[in-house]
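Only one structure is covered here, and it is reproduced in the block below.
For ligands, and for the atoms within them, numbers begin at 1 and follow the listed sequence. Only heavy atoms go into these numbers, but all of them, side chains included; no hydrogens, no water, no symmetry mates.
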Amino acid sequence: MDDFIKLEQGVEKIQDAVLKGVEDNVTGATVDTRTEGQCLLLDVIVSSARVKAHVVTVDERETGLRGLLNYGHSIGHAIEAILAPEVLHGECVAIGMIQEAELSYSLGHLGSASIERISRCLSSYGLPISLEDERLLCRSNGKPCPVNNLMDNMRIDKKNSGSTKKIVLLSAIGKTWEQKASAVNDDAIEAVLKAHQPKISSLKRAKIDSATVQDDHNKSFRSFVSLSFQDYSMVTSETLQTIAKDTSAVEFRVDLLRDPNNAVPSTEFVKEQLTILRNKIGLTPIVYTVRTQSQAGTFPDERQDKMFELLQLGIESGCEFVDVDMTASVKDIEALVAAKGSSTIIASFHDPVGQHSWSSGMMPFYQKASQYGDVVKLIGTAKCMQDNIELEAFREQVKGSRKPLIAVNMGDKGKLSRVLNPFLTPTTHILLPFAAAPGQMTDQQIEQWRKELCL
Ligand SMILES: O=C1C[C@@](O)(C(=O)O)C[C@@H](O)[C@@H]1O
């Protein structure tokens, strides 16, 4: 119990010690150089190791007591068998701890206040406490954990005796109901597993495929915010969640990242940054983009090999949308599209200097993009209002196609096209360091214009 209180009360100090451990020794080099957090962390680790060593010594042959070390693991392992490797062992056990505490409660052994405290403590360390956790749903792409599969997986637990399942039940925090795992009947376990099934709506949100986008595009996908951060570890979850609140997706601009060790961001760095974004933003869909210099971005044009390696990473990481530039080589585009997995491909073309007119010049790019993308994105540059009118005529001309179209003009004079674009309009936000493209507006500004124009 004392150790639990230390964990409960020392969250910030312990987290600080763990973060510090990246450059320093996690538990501090010597007694003199240890911070308060490092002392606390060391204390908790040593106490845990002491308990474990004691239990393992007393019950060398695993006759009963040793099973207690398995609290949270009966259900945790059953979940892990379905969701690994996307979801980690520790995360599955954290959920298992809560469900086994609930089981203890449902059998009348544990008070509900204890479940509250355990939940709060696990959450404060960033661990998931239910299968509805957004980060977890995202990483597993909404993969379900049906009760019958969980029950099947629990059948092969080493603590069981024959067909009777044995689970560690709590009577208080730091205390178990018996000095061994207890026999529990299947009905009681099933009831808890059932109560913890995620709601259909949260599973659905985790799944966006190209068919959904194509069928439902004008209703569900109004806009996305182009994020312009250089390092997501410096941005708070609150900021990102505020930005994501009223939009359909956020754009992760790989070319705008600043890797402190490399001029062109390394794959490792991008992976790390994407994980940070994912963890902070929950289930908000991500548009993954590597925009080259000639396409109005900052990624070096001559590093096509690296660009495709990074795009592959976007697909492998399960980003809902991956933007592929149509000026790249057809061979590379084809290979990427063939490996798109569950991502929706946005085939895009930018004309940053307004070289191609909407009345004829953009058509070849539209055709190419329709061939490779699930979604087509054409970005022109307006020099005058007429360019927006021509864009609308273009939109009208290709309206019958099944491929949803994002078409806007950059520049101050192109704003009207952003207001009129009905699907996944790229937008900015006041909390961003800068707008990712000239003429980008916030969702509120677009709404305001639409009101004024009675749209
Ligand atoms: O393709 C686009 C559109 C955009 O260039 C714009 O004009 O809003 C902004 C980019 O971040 C995004 O990738």
Can you sort out which atoms of ligand 1 are near [X], meaning under 4.0 Å from one of its heavy atoms?
{"X": "K377", "answer": "1 (O), 2 (C), 12 (C), 13 (O)"}
{"X": "R291", "answer": "1 (O), 2 (C), 12 (C), 13 (O)"}
{"X": "R253", "answer": "10 (C), 11 (O)"}
{"X": "Q440", "answer": "6 (C), 8 (O), 9 (C)"}
{"X": "M410", "answer": "7 (O)"}

* Asked: Angle class for the F349/F365 ring planes (parallel below 30°, perpendicular above 60°, tilted otherwise)?
  -> parallel

* Side chains of T442 and T427: do they bring a donor and an acceptor to under 3.5 Å? -> no

* Please check if any side-chain donor atom of T236 sits under 3.5 Å from a side-chain acceptor atom of K280, or the reverse. => no

* Tell me: protein heavy atom nearest atom 8 (O) of ligand 1, and distance? -> R418 NH1, 2.8 Å

* For atom 6 (C) of ligand 1, find the nearest protein heavy atom and state the residue, atom name and distance (0.1 Å precision). => A437 CB, 3.3 Å

* Asked: Under 3.5 Å, N or O to N or O, is D323 touching ligand 1 that way?
  -> no

* Please determine if T289 has a nitrogen or oxygen closer than 3.5 Å to a nitrogen or oxygen of ligand 1. => no

Can you tell whether the side chains of [X] and [Y] come within less than 4.0 Å, N to carboxylate O?
{"X": "E91", "Y": "R139", "result": "yes"}
{"X": "E396", "Y": "K399", "result": "yes"}
{"X": "R155", "Y": "D152", "result": "yes"}

